[in-house]
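Just so it is clear, the structure is predicted and the values come from calculations on it, not from any experiment.
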2 protein chains.
Amino acid sequence: MTYSYDYPHPAVTTDIVIFTVQDNALCLLLIRRGEDPYKGKWALPGGFLRMDEDIEHCAARELAEEAGVQGVYLEQLATFGTIDRDPRERVISVAYYALIPSDDVALQAGTDAAEAQWFPLSDLPPLAFDHSDIVRMAQQRLSAKMSYSTIGLQFMPAAFTLSDLQRVYEIASGKTLDKRNFRKWVLSLDLVEETGHKQTQGAHRPAMLYRVKKPSRIDIIK
Amino acid sequence: MTYSYDYPHPAVTTDIVIFTVQDNALCLLLIRRGEDPYKGKWALPGGFLRMDEDIEHCAARELAEEAGVQGVYLEQLATFGTIDRDPRERVISVAYYALIPSDDVALQAGTDAAEAQWFPLSDLPPLAFDHSDIVRMAQQRLSAKMSYSTIGLQFMPAAFTLSDLQRVYEIASGKTLDKRNFRKWVLSLDLVEETGHKQTQGAHRPAMLYRVKKPSRIDIIK
DNA sequence: TCAAAAGTGTTCTCTTTACACCCATGC
DNA sequence: GCATGGGTGTAAAGAGAACACTTTTGA
């Protein structure tokens, strides 16, 4: 079966940049391609838009199919469409990005995707297509949003200590932060609350565990 | 001639939101549609992507063809692609936005476009397709960027007074600003310079005329 | 000489940053 | 009892907001 049009049409795809914080590094998820073009190369998860689904739905579906990642809040990044970005045909790609907690990383292993792996941003392999442009833009956007929104909370698991949270912010921003000022700031935003439980771990005073009050919400701050 | 594909392909278009400040109001440019669907309705300038042009080129071309507006700095806004946004077929639209000086508004009249007109944002007619969603998003983006970037300078003509500039900022933000603080702020950014000429206009002290130092550049401030 | 917009500094307030010690636990 | 990370307040500096009068021109 073929589909015919009076004028030429490009193909439309989505690509998704998924960040997490793992082993003291900001990481992103890549898929090793099983097909040409760029067979064997690492690429962002993503794929072709179906005619009966919204663009964001396409991104969510591809992410689930290729990487076993579900239920994340996707935000549109930008649309990439230079003429030769795909050797097969003209392809317009709508890029999305999302942040997931480091403890969801385990889900990753259970997927049936060909090969999915986390890479530290500081040590990425060469990427297929124009995916390094997409990653670069995602990095810029993330870094900007970290400083003027509550997006960073999306990195956090169901329960975490304030020191965990500070570590995530330090890794994502690349700066060290003052403990007292950071805590004052976080608590003043009124976005996290005590769970009532403490985490006893190691030879030191147990830390209060917190949870995010409205996990799905991203607010602009400042 | 027809174009055939193994899988269905959506059409891809661009839509452009052009802002200006005119008669003490923030305005945008609309085109009255000459064809179905939505014949006779007002819509954003825009049109179908050609296979041999980049997406941004498409936006610039449509803007020139339909509205006679040229040489503006276009910034990608977002991509809209809900399933039923166009009754003809599945259409994915990449939206752009730009700001132009109010004195370029005159160019508008000289175009051969069917019908192009400036509307104050506060008094828009009903729009075709999902264009009011696009406009809403553009408005949010503009308002955000006005507060943390130098994008507002793009509204300014080749020469202007600091009072002109303040007026533009007040209109775009909807707030009144303190004259001394505004001037201190603008001059501290080092983005405008004196032209050396003064504007004598009306029964009052002549005002120094300024120009933007790097007109094409948008910086993040604060 | 009056009206109308241009131009110009200082003070106060609030936000942000810098900084050091005691606490609870496991070994 | 000592090593380890958890938890807490205050003071100094910097950024942002408030505020009123003199100048130059045309009519």
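The minimum heavy-atom distance linking T14(A) with E62(A) is given by the pair OG1-CG, 4.3 Å. Across all non-hydrogen atoms, the minimal contact from L99(B) to I151(B) is CD2-O, 3.3 Å. Summarising the geometry of M146(B) relative to A172(B), their closest heavy-atom pair is CE-CB, 3.5 Å, with the distance given to 0.1 Å.
With hydrogens and angles disregarded, a donor-acceptor distance shorter than 3.5 Å links the side chain of R141(B) to the backbone of L77(B). Not one N or O on the side chain of T20(B) forms a donor-acceptor pair closer than 3.5 Å with the backbone of C27(B). Side-chain atoms of S147(B) come within 3.5 Å of backbone N or O of A144(B) as a donor-acceptor pair.
Taking atom CZ on F182(B) and atom C1' on dA5(C), their separation rounds to 16 Å, with Å as the unit. Rounded to whole Å, the distance from CZ on R183(B) to C1' on dC19(D) is 16 Å. One interatomic measurement links the two molecules: CD of Q199(B) to P of dT25(D), which rounds to 14 Å at whole-angstrom precision. The distance from atom CH2 of W185(A) to atom P of dC14(C) is 22 Å, rounded to the nearest whole Å. One interatomic measurement links the two molecules: NZ of K198(A) to C1' of dG7(D), which rounds to 9 Å at whole-angstrom precision. Atom CD of Q201(A) and atom P of dA3(D) are 20 Å apart (whole Å).
DNA chain D lies under 4.0 Å from at least one heavy atom of each of the following residues of residues 149-169 of chain A: S163(A).
Of the charged side-chain nitrogens involved, at least one lies within less than 4.0 Å of a carboxylate oxygen, so that R85(A) and D15(A) count as a salt-bridged pair.
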Which letter, B, S or -, goes with each nucleotide of nucleotides 15-24 of chain C from 5' to 3', with contact meaning a protein heavy atom under 4.0 Å? --BBBB--BB
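We find the OG1-CG distance between T161(B) and L209(B) to be 7.0 Å, quoted to the nearest 0.5 Å.
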